[in-house]
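What follows is a short report on a single structure.
No hydrogens, no waters, no symmetry mates; every other heavy atom, side chains included, goes into these values.
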Amino acid sequence: MRILIVEDDAAIVGSLTDLLRREGYETRHASRQDDAVALLGAERFDLALVDVALAQGNGFAVCAAAKGADPAPAVIFLTASDDEFSTVAGLDMGADDYIAKPFRARELLSRIKSVLRRTSGASAALRLGDVEVDPAAATVRKAGREVQLTALEYRLLLLFAQSQGRLVTREHARNAIWDSAGEYVSDNTLNVYVKRLRDKIEDDPADPRLVLTVRGLGYKAGPAAEGGAR
């Protein structure tokens, strides 16, 4: 897997390069918009980590170039923790995810792996208990019978199916459906969508086994974890 790092802070570039190479990724680096766009036109990448605020140019132009490449790499934006505008603008223009600075190494790696599974493995069917998700056809079946989900319910299910065994924070779940909703997704709204999804895929929605709540943190797909709550 090849990752393009678009960042003009040398210290961050060094840390990211060491981290990603230890995980087996091949990396390239560009500190300016023009250089990043040139690399995207000349080489193939699976994912681009793009800082929104570059000293020369901006990350939005790099994202546009990435999404216009063939094949198009996934894009994760690196944003300032209080820069809500950049986050929304990036998701609106097709970024696959974002992570706020300063970020933790394990969280970044988890986001990268999740996005790469979602983009490079989009044609592979996913299973969650007796529920099968076919991303290529955007269909869902439970025990062989098709289940009709709304777009937001489907995105949530896809997120949970791709994250089996790992915690999905409430923030991550909200961000996953934000751009489809077209407006900010609150905690209460997320609760409603999770309940609707459980009503459609669980044998007993009052005693869920597929999408579990982890108190104070978020959700986990699959068998109940010790200390978790349904």
Side-chain angles (χ1 to χ4, degrees), residues 1 46-48 66-67 71-77 87-88 90-99 107-187 189-203 205 208-214 217-225 228 230:
M1 290 285 186
D46 299 287
L47 182 141
K67 292 305 179 180
V75 174
I76 296 179
F77 269 130
T87 298
V88 176
L91 293 172
D92 283 347
M93 72 183 302
D96 297 275
D97 202 352
Y98 81 94
I99 188 166
E107 181 183 4
L108 176 62
L109 290 173
S110 177
R111 295 288 189 92
I112 288 172
K113 291 174 183 177
S114 177
V115 167
L116 288 174
R117 276 195 303 272
R118 188 166 71 241
T119 54
S120 64
S123 60
L126 302 168
R127 295 196 68 86
L128 187 57
D130 64 348
V131 174
E132 182 177 279
V133 185
D134 183 350
T139 58
V140 177
R141 293 183 178 276
K142 178 177 175 62
R145 295 185 177 182
E146 187 166 356
V147 178
Q148 297 297 325
L149 299 180
T150 67
L152 292 180
E153 292 163 356
Y154 176 79
R155 284 176 71 101
L156 270 179
L157 176 59
L158 191 60
L159 173 65
F160 294 139
Q162 292 170 332
S163 306
Q164 291 185 59
R166 300 193 316 278
L167 175 72
V168 176
T169 65
R170 294 184 65 84
E171 180 185 10
H172 193 184
R174 290 199 309 269
N175 292 334
I177 63 175
W178 188 346
D179 52 337
S180 283
E183 57 186 20
Y184 177 71
V185 177
S186 68
D187 271 345
T189 303
L190 177 61
N191 290 341
V192 170
Y193 285 123
V194 170
K195 180 182 184 303
R196 290 176 179 173
L197 177 62
R198 283 171 168 163
D199 286 343
K200 295 181 178 181
I201 67 168
E202 298 280 3
D203 292 332
R209 300 290 181 177
L210 302 180
V211 178
L212 308 169
T213 298
V214 181
L217 297 175
Y219 302 95
K220 185 174 288 188
R230 299 190 182 94

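A search for side chain to side chain contact (heavy atoms under 4.5 Å, CB included) contacts involving Lys195 returns Asp199, not counting sequence neighbours. Considering only residues two or more places apart in sequence or on other chains, Arg111 meets the salt bridge (Lys or Arg N to Asp or Glu O under 4.0 Å) condition with Asp97, Glu107. Lys67 meets the side-chain hydrogen bond (donor to acceptor under 3.5 Å, both in side chains) test with Asp96; sequence neighbours excluded. When the side chain to side chain contact (heavy atoms under 4.5 Å, CB included) test is applied to Glu171, the partners found at least two apart in sequence or on another chain are Tyr98, Thr169, Arg174, Asn175. A search for side-chain hydrogen bond (donor to acceptor under 3.5 Å, both in side chains) contacts involving Glu132 returns Arg127, not counting sequence neighbours.
Annotation: side chain of Arg170 is in contact with side chain of Tyr219 (closest heavy-atom distance under 4.5 Å). Taking the side chain as every heavy atom from C-beta outward, Leu128 and Val133 never approach each other to under 4.5 Å. For the pair Leu190/Leu156, a side-chain contact is recorded, criterion being any heavy-atom separation below 4.5 Å from C-beta on. Annotation: side chain of Leu47 is not in contact with side chain of Val75 (no heavy-atom distance under 4.5 Å). Two residues are said to be in side-chain contact when any heavy atoms from C-beta on lie closer than 4.5 Å; Arg141 and Asp130 fail this criterion.
Taking CG of Leu217 as the start and CG of Leu167 as the end, the distance is 5.5 Å to the nearest 0.5 Å. Atom CG in Leu157 sits 12.5 Å away from atom CZ in Arg198 (nearest 0.5 Å). Note that CG of Asp46 and CE of Met1 are 5.0 Å apart. Values are rounded to the nearest 0.5 Å. The OH atom of Tyr154 sits 12.0 Å away from atom CG of Leu159, with the distance rounded to the nearest 0.5 Å.
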Item to complete: Evaluate the side chain to side chain contact (heavy atoms under 4.5 Å, CB included) criterion for residues Leu197 and Glu202: first the C-alpha distance (whole Å), next the side-chain angles of each, then the deciding distance (0.1 Å), finally the verdict.
Response: CA-CA 8 Å; Leu197 177 62; Glu202 298 280 3; over 6 Å; no

Worksheet item: Given the rule in the side chain to side chain contact (heavy atoms under 4.5 Å, CB included) test, do Leu126 and Asp134 qualify, once you have shown the distances and angles that lead to the verdict?
Response: CA-CA 6 Å; Leu126 302 168; Asp134 183 350; over 6 Å; no

Item to complete: Check the pair Arg196 / Asn191 against side-chain hydrogen bond (donor to acceptor under 3.5 Å, both in side chains), numbers first and verdict last.
Response: CA-CA 9 Å; Arg196 290 176 179 173; Asn191 290 341; over 6 Å; no

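Scanning all heavy atoms of the two residues, the minimum distance from Ala48 to Pro73 falls at N-CB, 4.5 Å. Nearest heavy-atom pair across Ala74 and Val115 is CB-CG1, 3.4 Å. Residue Ala95 comes nearest to Phe77 through the heavy atom pair CB-CD1, 3.6 Å, listed as atom of the first residue, atom of the second, then distance.
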Considering only distance and modelled atom types, tabulate donor-acceptor pairs under 3.5 Å from the side chains of residues 143-150, sequence neighbours left out.
| residue | atom | partner | partner atom | Å |
| --- | --- | --- | --- | --- |
| Thr150 | OG1 | Glu153 | N | 3.2 |
| Thr150 | OG1 | Glu153 | OE1 | 3.4 |

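Sorted pairs that involve residues 158-169 and meet salt bridge (Lys or Arg N to Asp or Glu O under 4.0 Å), not counting sequence neighbours, are lacking altogether.
Remark: side-chain polar atoms of Lys220 are not paired, donor with acceptor, to backbone N or O of Leu212 under 3.5 angstrom.
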